[in-house]
2 protein chains.
Amino acid sequence: MKETGVAEVEQSAKMAARRQAMLDAAAAVIFEVGYERASLAAIVRRSGGSLSTLYQLFGSKEGLFEAMIVERCAYIMEELSSPDLSARGARAVLLAIGHAFMRVLLTPDAQALWRMVMAEGIKFPRLPQIFFSCGPDRLHAKLAEYLRGLDQAGSARVPDPLFTAKSFCMLVHGDLYYRVVTGVRPQPEPAELAAHIERAIDMFCLMIQLAPLADKGAGDR
Amino acid sequence: MKETGVAEVEQSAKMAARRQAMLDAAAAVIFEVGYERASLAAIVRRSGGSLSTLYQLFGSKEGLFEAMIVERCAYIMEELSSPDLSARGARAVLLAIGHAFMRVLLTPDAQALWRMVMAEGIKFPRLPQIFFSCGPDRLHAKLAEYLRGLDQAGSARVPDPLFTAKSFCMLVHGDLYYRVVTGVRPQPEPAELAAHIERAIDMFCLMIQLAPLADKGAGDR
DNA sequence: AAGATAATGTAACGTACATTACAGTTCTTC
DNA sequence: GAAGAACTGTAATGTACGTTACATTATCTT
């Protein structure tokens with residue numbers, strides 16, 4: 001009994017590797033030149049295998065694209081979904097989260113993914129759905145939970161934790177991210193990046209009225 | 001003596017209108033389907049005139065694209081470069097700026113421009129340069145000037161006015177803008193938009209430690 | 001190891017489109 | 001009002017690429 005559904009093919013041991021190689025090649029090529037400008041021939045040239053197997057595995061260029069995005073979203077955003085809350089003191093925790101956040105966002109792959117989502121979201125609605133649910137939504141939820149803890153401990157005032165979590169992300173990546181991602185300015189040096197994040201965190205701490213006491217490790221859960 | 005430089009042609013009275021019509025048509029088509037998918041034939045069909053004159057005026061598809069973006073940037077962002085500071089009280093002024101900001105950003109044209117800048121910025125470096133200098137840079141400067149006034153009047157604490165101005169914009173458009181611009185959620189209803197902006201302004205006022213007094217009209221210049 | 005099945009490489013097909021060439025039409029100028 | 005310039009419409013050219021077809025080679029089953 002063999003169902004030859006378009007996208008579900010029984011994976012021989014070697015075919016899985018081919019599939020992965022093709023996804024990697026697709027990511028590399030599409031992230032570099034964009035969806036329209038990326039040619040399947042170039043992808044196959046890079047992945048090995050053949051055009052025929054590409055069509056067998058993914059059905060079409062769009063199919064390959066979606067599969068690649070799904071796989072890449074999960075991979076790239078993984079680090080964001082479990083922020084490190086181990087630091088001493090609320091401000092230090094927020095700083096650590098900010099640094100991890102920016103480290104991921106400034107990755108070439110994450111920048112390319114961001115461009116894809118912005119550019120092709122209208123034509124491929126599944127793309128931003130996947131992106132937001134894998135990335136921002138999960139980070140916002142985790143962060144909101146942490147902020148609610150601070151509020152309940154009395155060391156900060158966070159009446160709307162989810163909105164505040166979103167605002168945190170906005171402040172941290174800031175205008176800087178737009179300029180890097182569009183190429184209008186170069187990647188920041190570590191020192192500049194650290195200064196940027198610290199200013200953003202300072203502002204955020206004012207915003208949630210973080211008690212200076214909580215800075216010494218009182219406000220954690 | 002007739003210099004036939006590629007892009008500089010002496011404009012007969014009628015040619016200027018043709019040129020404008022072609023820029024408008026290019027904006028409409030490219031904003032709808034993206035640069036790669038937009039065909040010159042479709043643009044000419046919409047603008048009237050002929051493919052020949054298009055090539056005579058702009059030299060190439062890229063030339064038309066750049067000319068269109070330059071013209072559109074200035075037009076779309078015009079409202080942003082002179083924010084309305086006439087309201088009574090600092091918080092009311094900030095609210096007015098926030099509303100004007102979002103009104104412009106949520107325009108279909110502004111959204112499309114944003115997508116273009118994000119998507120094609122890497123391939124056309126002039127594009128984000130023009131965008132930022134026409135739009136964000138000018139708004140940030142004006143806003144920073146206003147915030148510096150508040151600081152000097154003692155009604156708020158703004159040690160780094162430019163950074164604070166940027167943070168203002170980030171808080172106001174927030175995560176909401178990303179989701180609308182990628183199509184992952186619909187345009188907000190006026191009531192929801194107003195609530196969003198007010199929450200953002202509330203947070204911002206905490207951030208700059210705006211004196212409640214300034215809410216009654218004391219802090220203006 | 002022979003036959004069945006799957007994977008590969010290559011070439012062909014059709015289309016879409018940027019760009020150019022050219023012939024026809026309108027406008028300007030003396 | 002005719003000669004010349006500027007503008008327009010259409011057709012032709014060349015290329016790039018998504019997709020399909022097919023013949024060849026490798027892999028697996030018994």
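We name chains A, B, ... by the order of the sequence lines, and we start the count at 1 in each one.
Taking the six-membered ring where the residue is Trp, Y35(B) and F65(B) present tilted rings, their angle falling between 30° and 60°.
Side chains of T53(A) and S50(A): a donor-acceptor N/O pair is present below 3.5 angstrom, by distance only.
Here R179(A) pairs with D137(B) in a salt bridge; the nearest charged N to carboxylate O distance falls below 4.0 Å.
If you check residues 21-43 of chain A against DNA chain D, the residues with a heavy atom closer than 4.0 Å are A38(A), S39(A), L40(A), listed by number.
Distances shown here put a side-chain N or O of Q56(A) below 4.0 Å from the OP1 or OP2 atom of dA7(C). Phosphate contact (OP1/OP2 of dT8(C), side-chain N/O of T53(A), threshold under 4.0 Å): present.
Whole-Å rounding puts the L64(B) CG to dC17(C) P distance at 15 Å. For the pair E62(B) CD and dC17(C) P, the computed distance is 17 Å after rounding to whole Å. Residue R45(A) contributes atom CZ, which lies 12 Å from atom P of dA16(D) at whole-angstrom precision. Put simply, CZ on R19(B) is 13 Å from P on dC7(D), counting in whole angstrom units. In this structure, L57(A) places its CG atom 12 Å from C1' of dT8(C), rounding to the nearest Å.
Within 3.5 Å, no donor on the side chain of S60(A) pairs with an acceptor on the base of dG18(D), nor the reverse.
Under the salt bridge (Lys or Arg N to Asp or Glu O under 4.0 Å) test applied with E66(A), the options K61(A), R126(A), K123(A) reduce to a single match, R126(A).
When the nucleotides dG9(D), dG18(D), dT10(C) are ranked by their closest atom to the side chain of K61(A), dG18(D) comes out on top. Taking the side chain of Y55(B) as heavy atoms from C-beta on, and the options dA18(C), dA21(C), dT19(D), the nearest nucleotide is dA18(C). Side-chain atoms of L51(A) lie closest to dT20(D) of the nucleotides dT8(D), dT20(D), dT8(C).
Ring centers of H140(B) and F168(B): at least 6.0 Å apart, outside the cut-off.
Annotation: E192(A), atom CD; neighbour count of heavy atoms from other residues, nucleotides and ligands within 6.0 Å is above 12.
At distances below 3.5 Å, not a single donor-acceptor pair connects side-chain atoms of H173(A) with backbone N or O atoms of Y178(A).
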